[in-house]
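First listed ligand is number 1; within each ligand, the first listed atom is number 1. We number each residue from 1, following the sequence as shown.
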Amino acid sequence: MHPCRSDRRRDPAVVLSGSRHNRSDGHASASDARSTPVFQPAGSSETHRSHRRQPDRRPCVRHTQSDESHIHERPHPRHARLPCRHRHSKRSAMHHGFQQCSILRRSAQRVHSLSGILHRKALRPSARLHSRYSAHSSLSVVYLMDSDNHLNARRPEVIIEANIPFIRGILEPVADVSYLEPERFTPETVATADAIVTRTRVKCCEDLLGESRVSFIASATIGLDHVDLPWCRSHGITVVNAPGCNAPAVAQYVFASLLSLPDFGPLDGKTLGVVGVGNVGRIVADWGERLGMRVMRCDPPRALAEGATGFSSIEEIAAEADAITFHTPLTRTVDCPTFHLCDDSLLAGMTHRPVIINSARGPVADNEALIRALRDKRISNVVIDCWENEPDISRTLLDMAAVATPHIAGYSRQGKIRATQMAVDALTAHFGLPATQWSEKMADGAKATISAGLIAASYDPMADTAMLRRDPASFERLRNHYHLREELS
Ligand SMILES: NC(=O)c1ccc[n+]([C@@H]2O[C@H](COP(=O)([O-])OP(=O)(O)OC[C@H]3O[C@@H](n4cnc5c(N)ncnc54)[C@H](O)[C@@H]3O)[C@@H](O)[C@H]2O)c1
Ligand SMILES: O=C(O)[C@H](O)[C@H](O)COP(=O)(O)O
């Protein structure tokens, strides 16, 4: 029997100090998750880091939110629906007490520099409002910095995974930035880096980082199974992820997939089992109920911490659900591991021939066991976004699954923007760099207006399935060049 079939303790490998835990009801939303999610190393572990250099803690000007809330950034000029507020920015900044205000405006063709002098008393003698945006993204960002102190200080060296969208040009004003494809992250290429910003395709472990001076890893993803957290902790490396960033997109994926199955029928009245009720699972469970489903929730770590009321065991879900969707992290060494949580023994107890949905991580479901269960008709269908051995996935399962996608359940435009914002904000906070103000504020996708019709119209998982079936070897290419979809709003 899988060791998780009884309630155990929460993953002890991770110490989370993020806003996810800040709400009084203990629940987090995608928007809650946006502020400084930090996995702190336990203790500063200096003794383990003799070969590592400490990050520079340079002086910088930080403003309270109310100081800055008046400042509107310029949108990317290619985004016509966002008006250019350039002059307004300057006027507002001056109005709010900057003695000297210089705004740098850059477009693809030319650079404008505007400046003005203001004699109103400010807390600081002088400040430069320094604005940059990426020529490749819809985001712009304003850095508020003390020009005298800050611009002369040593800039951290940051290596960014080249396929992270919306990030190019954002950190360049304050850091020495380079971009690498995932396969080019090697001990040599990261040796002198202070920080890396990554996705799931870079394994962040001793082999890569052992001889480097990296003190900070930001992963622009929810999942962190590509990072050796215990090793990072014991070597004083701070690791942050982007909790909740793409959770509404995963919910959209789950229900669009169910709605695309000809045999499943209307959602209304069906039973949905949600395994893992964190940032993603909460939205899925909530949307399930809003769509008329009976929802069963399974989350042993939460049940242990919060009490068992409202939670079901995974065996109860196996016995009663018409669809079971997994939203756990991939864990192997904790008390309640999720590796092969969906295995032969669990599948054997599935009496309603449910649909199995895995958009968590491939090894959460034993892929060979899924194939056996499909053949034995113990389950009616598989919806699979996350696979064992990505990108070299099982061709048999690819043929048999009703929906088969290349790990893109979370790939919404809003999800990627949130992930980038969270990674950048955490990095600038860690190195004491100027705070960023983003042009695009994300709505709370969890609270979107939903209906079966709206969801089905918003995303067609069969189109992604067809593309992957046509060329399974293109798994990574399909992800890296994915046409990011819009969340429901
Ligand atoms: N396919 C995609 O594009 C995509 C997108 C986002 C997230 N994910 C995956 O989904 C996972 C979950 O995301 P999240 O934001 O909800 O994470 P989260 O940390 O907010 O929630 C995970 C929940 O799973 C619970 N859990 C842990 N072990 C469990 C077990 N054995 N049985 C049942 N529940 C268990 C935890 O207590 C927690 O409540 C991520 O770790 C990531 O791997 C995939
Ligand atoms: O964990 C997550 O956030 C998702 O699985 C995410 O979509 C995967 O990250 P990627 O490497 O594709 O950026």
Q: Under 4.0 Å from a heavy atom of G223: which atoms of ligand 2 are those, numbered in the order shown and with their elements?
A: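 So the answer, numbered in order with elements, is 1 (O), 2 (C), 3 (O).
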Q: S359 heavy atoms, cut-off 4.0 Å: which ligand 1 atoms fall inside?
A: 1 (N), 2 (C), 4 (C), 8 (N), 44 (C)
Q: Taking 4.0 angstrom as the limit and counting only heavy atoms of P300, give me the atoms of ligand 1 inside it, by number and element.
A: 32 (N), 33 (C), 34 (N)
Q: Do the charged groups of E487 and R418 touch, with an N to O distance under 4.0 Å?
A: yes
Q: Regarding R297 and E289, does a basic nitrogen lie under 4.0 Å from an acidic carboxylate oxygen?
A: yes
Q: Find all atoms of ligand 1 within a distance of less than 4.0 Å from any non-hydrogen atom belonging to D385, and give their numbers and elements.
A: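 Atoms satisfying the 4.0 Å criterion: 1 (N), 2 (C), 3 (O).
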Q: With only distance considered, is D225 within less than 3.5 Å of ligand 1 through an N or O on each side?
A: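 Between D225 and ligand 1 (N or O atoms, distance only) the closest approach is not under 3.5 Å.
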Q: Less than 4.0 angstrom from a charged side-chain N to a carboxylate O is my criterion; do D471 and R477 meet it?
A: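 Answer for the salt bridge query: yes.
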Q: Check this for me: does any side-chain nitrogen of one of K203 and D207 sit under 4.0 Å from a carboxylate oxygen of the other?
A: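 Salt bridge flag = no for D207 with K203.
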Q: For the atom pair CD1 (I357) and CG (L261), what is the distance rounded to the nearest 0.5 Å?
A: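 Nearest 0.5 Å value for the CD1-CG distance: 7.5 Å.
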Q: For atom 13 (O) of ligand 2, what's the nearest protein heavy-atom neighbour? Residue, atom name and distance, please.
A: R199 NE, 2.9 Å
Q: Testing V254, L272, I455 one by one against W287 for a side chain to side chain contact (heavy atoms under 4.5 Å, CB included), which residue passes?
A: I455
Q: List every atom of ligand 2 that sits less than 4.0 Å from any heavy atom of K416, numbering the atoms from 1 in the order shown and giving each element.
A: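 It comes down to these atoms of ligand 2: 13 (O).
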Q: Could you pull out, from C245, G223, A360, the option with a heavy atom nearest to atom 10 (O) of ligand 1?
A: A360
Q: Any side-chain to backbone donor/acceptor pair from D322 onto T271? Under 3.5 Å, distance only.
A: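 Checking the backbone N and O of T271 against the side chain of D322, a donor-acceptor pair under 3.5 Å is found.
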Q: Does NZ or CZ of K270 fall inside the cone over F264's six-membered ring, less than 6.0 Å from its centre and within 45° of the axis?
A: yes
Q: Considering both backbone and side-chain atoms of I222, is one of its nitrogen or oxygen atoms within less than 3.5 Å of a nitrogen or oxygen in ligand 2?
A: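 Yes - when backbone and side-chain N and O of I222 are compared with those of ligand 2, one distance drops under 3.5 Å.
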Q: Mind checking whether G410 has an N or O less than 3.5 Å away from an N or O of ligand 2?
A: no
Q: Under 4.0 Å, counting heavy atoms only: does P243 come that close to any atom of ligand 1?
A: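 No, P243 has no heavy atoms under 4.0 Å from ligand 1.
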Q: Does NZ or CZ of R302 fall inside the cone over F311's six-membered ring, less than 6.0 Å from its centre and within 45° of the axis?
A: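 Verdict for F311: no cation-pi partner in R302.
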Q: Pick whichever of T405, D299, T331, V334 has a heavy atom sitting closest to atom 39 (O) of ligand 1.
A: D299
Q: Number the atoms of ligand 1 from 1 as they appear, then name those within less than 4.0 Å of a heavy atom of T338, with their elements.
A: 28 (N), 29 (C), 30 (C), 31 (N)
Q: Using a 4.0 Å cutoff against the non-hydrogen atoms of R302, which atoms of ligand 1 qualify?
A: 39 (O)
Q: At a non-hydrogen distance cut-off of under 4.0 Å, which region of I164 contacts ligand 2 (side chain, backbone, both, or neither)?
A: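 No part of I164 comes within reach of ligand 2.
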Q: Against heavy atoms of C386, which atoms of ligand 1 measure under 4.0 Å?
A: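 Here the atoms of ligand 1 in question are 1 (N).
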Q: Using 0.5 Å steps for rounding, measure from the CE atom of M400 to the CG atom of N367.
A: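 It is 12.0 Å, given to the nearest 0.5 Å.
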Q: Where on N246 is there a heavy atom closer than 4.0 Å to ligand 1, on the side chain, on the backbone, on both, or on neither?
A: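 Only the side chain of N246 comes within reach of ligand 1.
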Q: Provide the number and element of each atom of ligand 2 under 4.0 Å from a heavy atom of H407.
A: 4 (C), 5 (O), 8 (C)
Q: Using 0.5 Å steps for rounding, measure from the CG atom of L291 to the CG atom of D268.
A: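 If I round to the nearest 0.5 Å, the distance is 9.0 Å.
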Q: Say you draw a straight line from OG of S380 to CD1 of I356; how long is it, rounded to the nearest 0.5 Å?
A: 8.5 Å
Q: Using atom types as modelled and distance alone, determine if a side-chain donor or acceptor of D225 lies under 3.5 Å from a backbone N or O of L330.
A: no
Q: Answer with side chain, backbone, both or neither: which part of T328 has a heavy atom less than 4.0 angstrom from an atom of ligand 1?
A: both
Q: Considering the heavy atoms of T200, write down every atom of ligand 2 situated less than 4.0 Å from one of them.
A: 8 (C), 9 (O), 10 (P), 11 (O)
Q: Check M422 against C245 and note the closest heavy-atom contact, atom names and distance.
A: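 Heavy atoms of M422 and C245 come nearest at SD-CB, 4.0 Å.
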Q: Taking the non-hydrogen atoms of A247, is any one of them nearer than 4.0 angstrom to ligand 1?
A: no
Q: To check you understand the geometry: which heavy-atom pair defines the closest contact between R378 and P354, and what is its length?
A: O-CD, 3.9 Å
Q: Are E161 and R201 within salt-bridge range, i.e. N to O under 4.0 Å?
A: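 Looking at E161 and R201, the cut-off is not met.
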Q: Backbone N or O of E172 within a donor-acceptor pair of the R155 side chain at under 3.5 Å?
A: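 Yes, because the side chain of R155 sits within donor-acceptor range (under 3.5 Å) of the backbone of E172.
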Q: Where is the nearest protein heavy atom to atom 12 (O) of ligand 2: which residue, which atom, and how far?
A: Y411 OH, 2.3 Å
Q: Classify the contact between H327 and ligand 1 as side chain, backbone, both or neither, using a heavy-atom distance cut-off of under 4.0 Å.
A: backbone
Q: For ligand 2 and R361, I'd like to know whether there is a polar contact (N/O to N/O, distance under 3.5 Å).
A: yes
Q: Can an N or O of I222 be found at a distance shorter than 3.5 Å from an N or O of ligand 1?
A: no
Q: What protein heavy atom lies closest to atom 9 (O) of ligand 2? Include the residue and the distance to one decimal.
A: T221 CG2, 3.2 Å
Q: Show which atoms of ligand 1 fall inside a sub-4.0 Å distance from at least one heavy-atom site of G410.
A: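 Those of ligand 1 that fall under 4.0 Å from G410 are 2 (C), 3 (O).
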Q: Hey, does R479 come in under 3.5 Å of ligand 2, counting only N/O atoms on both sides?
A: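 Yes, since at least one N or O of R479 sits under 3.5 Å from an N or O of ligand 2.
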Q: Check each heavy atom of H407 against ligand 1 and say whether those closer than 4.0 Å belong to the side chain, the backbone, both or neither.
A: side chain
Q: L341 to ligand 1: N or O pair under 3.5 Å?
A: no
Q: Atoms of ligand 1 less than 4.0 Å from C298 heavy atoms?
A: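 With C298 as reference, the close atoms of ligand 1 come out as 33 (C), 34 (N).
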Q: Hey, could you give me the CD1/OG1 distance between I170 and T428, rounded to the nearest 0.5 Å?
A: 11.0 Å
